[in-house]
Amino acid sequence: MAQVTFKNNPVTLVGNEVKVGDKAPEFTVLANDLSPVTLKDSEGKVRLISVVPSLDTGVCDAQTRRFNEEVVALGDGVAFYTVSVDLPFAQKRWCAAAGLEGAHTVSDHKELSFGKAYGVYMEELRLLARSVFVIDKEGTVTYVEYVPEGTSHPDYEAAIAAVKALI
């Protein structure tokens with residue numbers, strides 16, 4: 001299992017670690033309008049899934065803005081989701097305040113379906129560990145980053161390069 005700290009304190013990740021070459025696990029999260037969102041909803045597209053502890057923090061805000069900007073430039077063949085346990089209402093409010101009404105923020109607050117399926121649920125904090133997953137059109141994981149320290153940024157360039165390699 002990936003080893004992760006949050007503010008330099010070790011945390012317990014619940015679920016199975018996802019690795020390159022794995023079939024992407026299915027999940028159900030909630031869109032900002034409370035409708036369910038699953039992996040199947042973006043079938044046939046390259047997917048970039050950016051996982052953040054909370055949009056209301058500086059690094060999570062920057063991560064979401066950066067990936068959103070990069071992915072929008074790649075066109076409709078790429079689906080981008082930011083997953084957190086923030087409530088859908090808070091995510092919608094954040095998107096409006098950030099000027100990113102088109103961003104796809106989804107909430108895992110209800111069942112922690114994504115967090116447990118991808119091994120990013122931090123048990124002690126009931127938050128998701130910062131991570132990035134790239135999934136190809138066939139549903140195979142092609143890039144994984146479990147960011148070792150939850151307050152650090154992911155490797156943006158490597159994740160975007162992984163997406164570009166699939167389109």
Exercise: identify the closest heavy-atom pair between Val134 and Ala159: CG2-O, 3.9 Å
Should Asp155 and Val147 count as side-chain neighbours, where that means a heavy-atom distance under 4.5 Å? no
Is Tyr81 reachable from Val85 through a run of I, L, V, M, F, W or Y residues, each pair having side-chain heavy atoms under 4.5 Å apart? yes
Here the pair of heavy atoms bringing Lys45 nearest to Val78 is CD-C, 4.5 Å
For the residue pair Ser54 and Asp86, confirm or rule out a side-chain donor-acceptor distance under 3.5 Å. yes
Run the side-chain hydrogen bond (donor to acceptor under 3.5 Å, both in side chains) test on Thr12 and Glu124 for me, step by step, so that the C-alpha distance in whole Å, both residues' side-chain angles and the decisive distance to 0.1 Å come before the verdict. CA-CA 7 Å; Thr12 305; Glu124 294 84 353; 2.6 Å; yes
CD (Glu26) with more than 12 external heavy atoms under 6.0 Å: yes
I need the minimum non-hydrogen distance between Glu17 and Ala2, along with the two atoms involved. OE1-N, 3.0 Å
If two hydrophobic side chains count as joined below 4.5 Å and joins carry through other members, does Val163 share a cluster with Val83? no
Given side-chain contact (heavy atoms from CB on, under 4.5 Å), test Tyr143 with Leu48 step by step and report yes or no. CA-CA 9 Å; Tyr143 176 86; Leu48 172 65; 6.0 Å; no
Looking at Asp76, I'd like to know if its CG atom is crowded, meaning that more than 12 non-hydrogen atoms belonging to other residues, nucleotides or ligands lie closer than 6.0 Å. no
Assess, by modelled atom type and distance only, whether the side chains of Asn32 and Gln91 contain a donor and an acceptor separated by less than 3.5 Å. yes
From Leu166 atom CG to Asp136 atom CG, the distance as rounded to the nearest 0.5 Å: 6.0 Å
I'd like to know if Val72 and Val46 are part of one continuous hydrophobic network [Ile/Leu/Val/Met/Phe/Trp/Tyr, side-chain heavy atoms within less than 4.5 Å]. no
For a side-chain contact (heavy atoms from CB on, under 4.5 Å) check, start with the C-alpha distance between Ser107 and Val29, then their side-chain angles and the critical distance, and finish with the verdict. CA-CA 6 Å; Ser107 176; Val29 291; 5.9 Å; no
Are Tyr146 and Tyr118 an aromatic pair, judged by ring center distance below 6.0 Å? no
Nearest 0.5 angstrom please: Cys60 SG to Arg65 CZ, how far? 12.5 Å
Under 3.5 Å side-chain donor-acceptor pair for Thr140 and Asp22: no
CD/Gln3: more than 12 non-hydrogen atoms of other groups inside 6.0 Å: no
Shortest non-hydrogen pair, Thr151 vs Val59, comes out as O-CG2, 3.4 Å
Consider only side-chain N and O atoms of Gln63 and Ser50, and report whether a donor and an acceptor are under 3.5 Å apart. yes
Euclidean distance, Lys92 NZ relative to Thr105 OG1, rounded to 0.5 Å: 10.5 Å
Do Val18 and Pro25 come close enough that some side-chain heavy atom pair is under 4.5 Å? yes
Do Phe114 and Met1 belong to the same hydrophobic cluster, where Ile, Leu, Val, Met, Phe, Trp and Tyr are linked whenever their side-chain heavy atoms lie under 4.5 Å apart, directly or via other members? yes
Is the backbone of Glu138 close enough, under 3.5 Å, to the side chain of Lys23 for a donor and an acceptor to pair up by distance? yes
Under 3.5 Å, is there a donor-acceptor pair between the side chain of Ser131 and the main chain of Ala129? yes
Using side-chain contact (heavy atoms from CB on, under 4.5 Å), reason through Lys116 and Tyr121 one step at a time and then give a plain yes or no. CA-CA 6 Å; Lys116 292 176 182 176; Tyr121 168 51; 4.2 Å; yes
Point-to-point distance, once rounded to the nearest 0.5 Å, from CD1 of Ile167 to NZ of Lys137: 8.5 Å
Evaluate the side-chain proximity of Thr64 to Leu55: yes if any heavy-atom separation is below 4.5 Å, no if none is. yes
Rounding to 0.5 Å, atoms CG (Leu30) and CG (Asp108) come to a distance of 8.5 Å
Would you mind telling me which of Leu112, Thr38, Ile49 makes a side chain to side chain contact (heavy atoms under 4.5 Å, CB included) with Phe27? Ile49
Mind listing the closest non-hydrogen atom pair of Trp94 and Asp56 along with its distance? CD1-OD1, 4.3 Å
Linking I/L/V/M/F/W/Y whenever any side-chain heavy atoms sit under 4.5 Å apart, do Val11 and Leu127 land together? yes
Please round to the nearest 0.5 Å and tell me the distance separating atom CD of Glu149 and atom OG1 of Thr5. 3.5 Å
Under a 4.0 Å N-O cut-off, is there an ion pair linking Arg66 with Glu157? yes
Before we go on, tell me: are the rings of Phe67 and Tyr156 under 6.0 Å apart, centre to centre? yes
So, for Pro154 and Arg130, which heavy atoms are closest and what is the spacing to 0.1 Å? CD-CD, 4.0 Å
